Undergrad: 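Could you have a look at this structure, given as structure tokens, before my questions?
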Amino acid sequence: MFRGIHFAIFTVWALIATAMSPAAPRAAQPVSAGAGVEVVATAADGVRVHGQAWFAGLGDDAPLILLFHQARSNGRGEYGPLVGWLNAAGFRVVAWDQRSGGGHYGSRNRTVADLGGRATDYCAAWPDLEAALDYARRTWHPHRLAVWGSSYSGALVFRLAAEHGDAINALVAFSPAFGNWTRACVPDRPWTRLRMPAHAFWPESEYAYASVRRLGEEMRAAGVAVTVVPNGIHGSSMLVDERTGHDMSAARATVVSWLK
């Protein structure tokens, strides 16, 4: 993508953001959508990557979604309000704590805590996504697997899907943040290298920027579905009523319908 567009996307995102590893032990089977079950993957550099799995009694044939959070956040905090909805729709889910994160939306980023409470930059979290994918494949052997990113991880999942197309069946990204902070670890125009369906979502307020619209148009031209969400906010929280102050059931229905 043109350098100017990259810079513009980064600028928009920054303003909004401001407001293969060793085999891990087999995890316990998540059985409810309550507290879930903690799982731990090991990244290629030895960092322990914590996740929370909610399977709600769904069988091994149920699709599995790997959820990755936005800046300064964590899996349980960002995705807690969405877990029951996804389970009820028939999806097993695992929400991961990347090493670039914190306590945004409540809860604690356990991966960052293991590193002494020092969050890294966004690109440093790349091994965490690969570790999560590898762990899921080795532990649960899913027949169908989707990756889901939010903001900076929304950019990273495009690379993950481009490089691991044999393992990933679908990609969804909310406010994917391509720009200066992810340029060093995300190849140019990764959506042109996908071998699976992909869907990008932006809130209407972000899509009003010409640079974001150009990005969406580039993705559409490459076959990526693009949805603009009225009343949405940045990242996956655009699906959460309490965070937007609006009924987001239509947006959630679009996500589930597309995933199914």
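The first residue of the sequence shown is numbered 1, and numbering continues consecutively from there. Note that the structure is a prediction, hence the values are computed from the model and not measured.
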Undergrad: Tell me the closest heavy-atom pair linking G232 and M238, and the distance in Å.
TA: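 Closest approach of G232 to M238: CA-CB, 3.9 Å.
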Undergrad: I want to check something: taking the side chain as every heavy atom from C-beta on, are F201 and V228 in contact at a cut-off of under 4.5 Å?
TA: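 Heavy-atom side-chain distance check fails, nothing below 4.5 Å.
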Undergrad: Say you draw a straight line from CG of L129 to CG of D134; how long is it, rounded to the nearest 0.5 Å?
TA: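 Going from the CG atom of L129 to the CG atom of D134 covers 12.5 Å.
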Undergrad: I'd like to know whether V186 forms a side chain to side chain contact (heavy atoms under 4.5 Å, CB included) with F178, so could you lay out the CA-CA distance, the side-chain angles of the two residues, the decisive distance to 0.1 Å, and finally the verdict.
TA: CA-CA 8 Å; V186 178; F178 295 92; 3.8 Å; yes
Undergrad: Return the set of residues passing side chain to side chain contact (heavy atoms under 4.5 Å, CB included) with R144 (not counting sequence neighbours), or none when no residue passes.
TA: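 With sequence neighbours excluded, R144 shows a side chain to side chain contact (heavy atoms under 4.5 Å, CB included) to P63, N169, given in chain and number order.
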Undergrad: Looking at S153 and F68, would you say the former's side chain and the latter's main chain have a donor-acceptor pair under 3.5 Å?
TA: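 Present.
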Undergrad: For residues L133 and L66, determine if any side-chain heavy atom of one lies less than 4.5 Å from a side-chain heavy atom of the other.
TA: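 L133 reaches L66 side chain to side chain.
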Undergrad: Verify side chain to side chain contact (heavy atoms under 4.5 Å, CB included) between T42 and Y135, making sure each step is shown before the conclusion.
TA: CA-CA 8 Å; T42 304; Y135 182 89; over 6 Å; no
Undergrad: Quick check against the 3.5 Å criterion: does T254 have a side-chain atom that pairs as donor or acceptor with the backbone of A250?
TA: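 Such a contact is found between T254 side chain and A250 backbone.
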Undergrad: For Q70 and G235, work out which heavy atoms get closest and say how close.
TA: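 In terms of heavy atoms, the two residues are closest at OE1-CA, 4.1 Å.
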Undergrad: Rounded to the nearest 0.5 Å, what separates atom OG1 in T227 from atom CH2 in W202?
TA: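 Here the rounded value is 10.5 Å.
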Undergrad: Tell me whether V212 shares a hydrophobic cluster with V224, the cluster being built from Ile, Leu, Val, Met, Phe, Trp, Tyr side chains joined at under 4.5 Å.
TA: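 They do share one cluster, since a chain of ILVMFWY contacts under 4.5 Å joins V212 to V224.
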Undergrad: Just to verify, what does F91 make a ring pair (Phe, Tyr, Trp, His ring centres under 6.0 Å) with, not counting sequence neighbours?
TA: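 With sequence neighbours excluded, F91 shows a ring pair (Phe, Tyr, Trp, His ring centres under 6.0 Å) to no residue whatsoever.
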Undergrad: How close do P127 and C123 get, heavy atom to heavy atom, and via which atoms?
TA: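 Closest approach of P127 to C123, heavy atoms only: CD-O, 4.2 Å.
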Undergrad: List the residues meeting ring pair (Phe, Tyr, Trp, His ring centres under 6.0 Å) with Y105, not counting sequence neighbours, and say none if there are none.
TA: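 So Y105 forms no ring pair (Phe, Tyr, Trp, His ring centres under 6.0 Å) with any residue.
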Undergrad: Would you compute the distance between atom CD of E217 and atom CE of M219 and round it to the nearest 0.5 angstrom?
TA: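 So the CD of E217 and the CE of M219 are separated by 12.0 Å.
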Undergrad: When you compare the side chain of F174 with that of V255, does any pair of heavy atoms fall below 4.5 Å?
TA: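 Side chain of V255 against side chain of F174, heavy atoms only: contact under 4.5 Å found.
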Undergrad: Any heavy-atom pair between the side chains of W258 and P197 that's under 4.5 Å?
TA: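 Yes. Closest side-chain heavy atoms under 4.5 Å.
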Undergrad: Partners of A173 by side chain to side chain contact (heavy atoms under 4.5 Å, CB included), sequence neighbours excluded?
TA: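 With sequence neighbours excluded, A173 shows a side chain to side chain contact (heavy atoms under 4.5 Å, CB included) to V157, F158, L171, P176, given in chain and number order.
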Undergrad: Under the side chain to side chain donor-acceptor pair (under 3.5 Å) rule, what do H234 and E206 come out as? Steps first, then yes or no, please.
TA: CA-CA 8 Å; H234 189 65; E206 292 177 18; 2.7 Å; yes
Undergrad: Of all heavy-atom pairs between A155 and T182, which one has the smallest distance, and what is that distance?
TA: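 Scanning both residues completely, I find the closest heavy atoms to be CB-OG1, 4.2 Å.
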Undergrad: Scan residues 96-111 for pairs that pass salt bridge (charged side-chain N to carboxylate O under 4.0 Å, His left out), counting only residues two or more places apart or in two chains.
TA: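 Sorted pair list: E38-R110, D45-R99, D97-R110, R99-D128.
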Undergrad: Please answer whether the main-chain N or O of R243 pairs with a side-chain N or O of S237 as donor and acceptor at a distance below 3.5 Å.
TA: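 A pair under 3.5 Å: no.
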Undergrad: Quick one: CH2 on W96 to OG1 on T111, what's the gap to the nearest 0.5 Å?
TA: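 OG1 of T111 is found 8.5 Å from CH2 of W96.
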Undergrad: Main chain of D60, side chain of R92: is a donor-acceptor contact present, judged purely on distance under 3.5 Å?
TA: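 Checked: pair present.
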Undergrad: So do the side chains of E204 and N231 get within less than 4.5 Å of each other, counting heavy atoms only?
TA: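 No, too far: nothing below the 4.5 Å cut-off.
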Undergrad: How long is the gap from CG on L145 to NE2 on H164, to the nearest 0.5 Å?
TA: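 That separation rounds to 11.5 Å.
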Undergrad: Within the structure provided, determine whether T192 and R189 are in side-chain contact (heavy-atom separation under 4.5 Å).
TA: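 Heavy-atom side-chain distance check passes, below 4.5 Å.
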Undergrad: Is the closest side-chain heavy-atom distance between N74 and Y79 below 4.5 Å?
TA: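 No; the side chains remain at least 4.5 Å from each other.
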Undergrad: Are L259 and V256 linked, directly or through other ILVMFWY residues, by side chains that come within less than 4.5 angstrom of each other?
TA: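 L259 clusters together with V256.
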Undergrad: Given C185 and L156, is the side chain to side chain contact (heavy atoms under 4.5 Å, CB included) satisfied, shown in steps?
TA: CA-CA 8 Å; C185 56; L156 293 184; 3.6 Å; yes
Undergrad: Would you say R220's side chain and V226's backbone share a donor-acceptor pair under 3.5 angstrom?
TA: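 Yes, R220 side chain to V226 backbone: donor-acceptor pair under 3.5 Å.
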Undergrad: Determine yes or no for a side-chain-to-main-chain donor-acceptor pair under 3.5 angstrom, with S151 supplying the side chain and A177 the backbone.
TA: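 Checked: no pair found.
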Undergrad: Let's go through Q52 and W54 carefully: what are the C-alpha distance in whole Å and the side-chain angles of both, what is the deciding distance for side chain to side chain contact (heavy atoms under 4.5 Å, CB included) to 0.1 Å, and is it a yes or a no?
TA: CA-CA 7 Å; Q52 203 76 5; W54 290 269; 3.4 Å; yes
Undergrad: Shared ILVMFWY cluster between V240 and V229, side chains joined below 4.5 angstrom?
TA: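 Yes: a chain of side-chain contacts under 4.5 Å links V240 to V229.
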Undergrad: Ignoring hydrogens, what is the shortest heavy-atom contact between S107 and G77? Give both atom names and the distance.
TA: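 Shortest heavy-atom separation between S107 and G77 comes out as CB-N, 3.8 Å.
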Undergrad: Hey, does L67 have a side-chain heavy atom less than 4.5 Å from the side chain of V94?
TA: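 No; the side chains remain at least 4.5 Å from each other.
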Undergrad: State whether Y207 and R213 meet the cation-pi test: NZ (Lys) or CZ (Arg) under 6.0 Å from the six-membered ring centroid, and within 45° of the perpendicular axis.
TA: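 No, R213 does not sit over the ring of Y207.
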Undergrad: Work out which heavy atom in L82 is nearest to a heavy atom in S236; give both atom names and the distance.
TA: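 L82 and S236 have their closest heavy atoms at CD1-O, 4.1 Å.
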Undergrad: Test of understanding: with side chain to side chain contact (heavy atoms under 4.5 Å, CB included), list the residues that count as partners of E163, not counting sequence neighbours.
TA: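 If we apply the side chain to side chain contact (heavy atoms under 4.5 Å, CB included) test to E163, skipping adjacent residues, the hits are W126, E130, R159, R193.
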Undergrad: Taking the side chain from H104 and the backbone from G101, do they hold a donor-acceptor pair closer than 3.5 Å?
TA: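 Side chain of H104 to backbone of G101: no pair is present.
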Undergrad: Output yes when a side-chain donor or acceptor of H69 lies under 3.5 Å from a complementary backbone atom of Q98, and no otherwise.
TA: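 Looks like yes, one N/O pair under 3.5 Å.
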Undergrad: Working to the nearest 0.5 Å, report the span between CD1 of I168 and CG of L160.
TA: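 The CD1 atom of I168 sits 4.0 Å away from the CG atom of L160.
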Undergrad: Could you walk me through whether S150 and E78 pass the side chain to side chain donor-acceptor pair (under 3.5 Å) test, one step at a time?
TA: CA-CA 9 Å; S150 177; E78 184 160 340; 2.7 Å; yes
Undergrad: Grouping I, L, V, M, F, W and Y whenever their side-chain heavy atoms are under 4.5 Å apart, do V83 and I65 come out in a common cluster?
TA: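 Linked within one cluster.
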Undergrad: Are I233 and W85 linked, directly or through other ILVMFWY residues, by side chains that come within less than 4.5 angstrom of each other?
TA: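 They do not share one cluster, since no chain of ILVMFWY contacts under 4.5 Å joins I233 to W85.
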